[in-house]
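Predicted, not measured: the structure shown is a model, and the values here were computed from it.
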Amino acid sequence: MTGLQTAAIALGLTVATVAAACNRPPDDPQDYAARIAEARASKDADFQRTNDPVPADKKAQFLPLAYYPVDPEYHVLAALTPATTRVEVMMPTSSGQPRRMIKIGMLTFTLKGQPMSLAAYTENDLNRLFVPFSDLTSGTETYPAGRFLDLDRTPTSLYELDFNRAYLPYCYYNAAFECPYPPPENRLKTPIRAGERMKTSA
């Protein structure tokens, strides 16, 4: 059983309902792993072709990017509870200059049997959700300040949280980039061993 199927059961939904809400058929584990691998290879190729965000003198240090093995259990369904009023948050960043974000609401989900939640934000594009988070791998296996997920807005309250697609902020490769830091409510008290990890970790 995949993480998405487990999440559907936890939310009282069928896998078919989830697939319909997400406008795609249910995942086949092998196809899913192949899609993730393809996306990772494509990102490596993109980063190799240009010096943005990885500078030319750091390509050997960072490329190819390092990842945890693909684990379908980290692909879960989340329900968004929208904020009832406009909530603006001044999110700390690596430059020391806070960035203004709008809190869209809270994503609630179950991961490996544990109920969890993450706040979702947007900056300028209301069609995209930005989900910064840290976890118990932060600072040892992954970037100390956390990692990011990007989600397309859906016409329903259902979202796929795929931690296999979690990525490190660009300031990890290049200090010229400004990276927002996850707020306290997005600091998970569990290790998330999925997605991108630091190149230097064992």
Side-chain angles (χ1 to χ4, degrees), residues 2-4 24 27-76 78 91-97 99 101 111-112 118 120-125 127-152 159-183 186-188 190-202:
T2 68
L4 193 62
R24 66 167 181 76
D27 268 326
D28 174 88
Q30 289 185 334
D31 289 345
Y32 169 70
R35 288 201 306 274
I36 297 294
E38 182 179 0
R40 292 176 175 180
S42 178
K43 185 173 182 178
D44 279 341
D46 288 343
F47 281 13
Q48 193 67 252
R49 276 194 295 269
T50 71
N51 295 329
D52 185 6
V54 183
D57 62 348
K58 292 188 176 181
K59 289 190 186 296
Q61 177 183 351
F62 291 116
L63 298 177
L65 302 177
Y67 294 96
Y68 292 101
V70 176
D71 185 348
E73 288 193 29
Y74 283 102
H75 183 200
V76 301
M91 198 172 289
T93 70
S94 56
S95 71
Q97 181 66 37
R99 186 181 299 184
M101 295 276 189
L111 182 64
K112 293 182 177 288
L118 288 170
Y121 301 88
T122 189
E123 188 171 11
N124 298 311
D125 186 355
N127 292 317
R128 299 277 285 172
L129 297 183
F130 174 62
V131 185
F133 72 95
S134 63
D135 63 275
L136 294 186
T137 70
S138 301
T140 54
E141 301 170 29
T142 61
Y143 187 65
R147 290 179 286 168
F148 302 155
L149 287 170
D150 296 318
L151 307 176
D152 290 324
Y159 286 83
E160 290 182 59
L161 282 185
D162 192 348
F163 290 98
N164 292 292
R165 297 183 183 273
Y167 64 94
L168 299 181
Y170 284 0
C171 54
Y172 168 62
Y173 324 113
N174 188 339
F177 282 86
E178 178 187 86
C179 302
Y181 293 156
N186 279 23
R187 298 171 189 171
L188 299 175
T190 189
I192 303 294
R193 291 190 169 94
E196 191 178 356
R197 59 190 294 178
M198 290 193 295
K199 187 75 172 181
T200 55
S201 61

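Residue P69 comes nearest to N164 through the heavy atom pair O-OD1, 4.0 Å, listed as atom of the first residue, atom of the second, then distance. Shown here for Y172 and K199, the closest heavy-atom pair between the two residues is OH-N, 2.9 Å. Between P169 and G146, the shortest heavy-atom contact is CD-O, 3.3 Å. Of all the heavy atoms in A120 and L129, the pair that sits closest is CB-CD1, 4.1 Å. Here the closest heavy-atom approach between residue Y68 and residue A194 is recorded as CD1-N, 3.3 Å. The heavy-atom pair separating M91 from P132 by the smallest distance is SD-CG, 4.3 Å.
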Going through the distances and angles, do K43 and L65 end up as a side chain to side chain contact (heavy atoms under 4.5 Å, CB included)? CA-CA 9 Å; K43 185 173 182 178; L65 302 177; 3.9 Å; yes
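Under the 3.5 Å distance criterion, the side-chain polar atoms of D44 are left unmatched by any main-chain donor or acceptor of P64. In this structure, the side chain of S95 does not engage the main chain of E178 through any donor-acceptor pair within 3.5 Å. Looking at T137, its side chain never comes within 3.5 Å of a backbone N or O of R193 through a donor-acceptor pair. Side-chain N or O atoms of R99 include none that pairs as donor or acceptor with a backbone N or O of E123 at under 3.5 Å.
Side chains of P180 and Y121 form no contact here, defined as non-hydrogen atoms less than 4.5 Å apart.
Rounding to the nearest 0.5 Å places CG of N127 at 8.5 Å from OG1 of T122. Atom-to-atom distance recorded for T93:OG1 and Y181:OH is 7.0 Å, nearest 0.5 angstrom. In this structure, the separation between CG on L188 and CG on L136 is 8.5 Å, given to the nearest 0.5 Å. Atom CG in D71 sits 10.5 Å away from atom CD1 in I192 (nearest 0.5 Å). In this structure, Y143 OH and M198 CE are separated by 9.5 Å, a value rounded to the nearest 0.5 Å. Of the inter-residue distances, the one linking Y167 atom OH with E196 atom CD reads 10.0 Å to the nearest 0.5 angstrom.
Each salt bridge (Lys or Arg N to Asp or Glu O under 4.0 Å) pair with one or both residues in residues 47-64, not counting sequence neighbours, appears once here: D46-R49.
Ring geometry, H75 versus Y32: the interplanar angle falls under 30°, so the pair is classed parallel (tilted spans 30 to 60°).
For the ring pair (Phe, Tyr, Trp, His ring centres under 6.0 Å) test, no residue two or more places apart in sequence or in another chain qualifies with Y67. In this view, R128 and D125, D150, D152 satisfy the side chain to side chain contact (heavy atoms under 4.5 Å, CB included) rule, not counting sequence neighbours.
For F47 and Y173, the gap between ring centers is short of 6.0 Å.
The existence of a salt bridge linking E73 and K112 is confirmed by a sub-4.0 Å separation between a basic side-chain nitrogen and an acidic carboxylate oxygen. Between R35 and D162, no side-chain nitrogen of the basic residue sits less than 4.0 Å from a carboxylate oxygen of the acidic one, so the salt-bridge criterion is not met.
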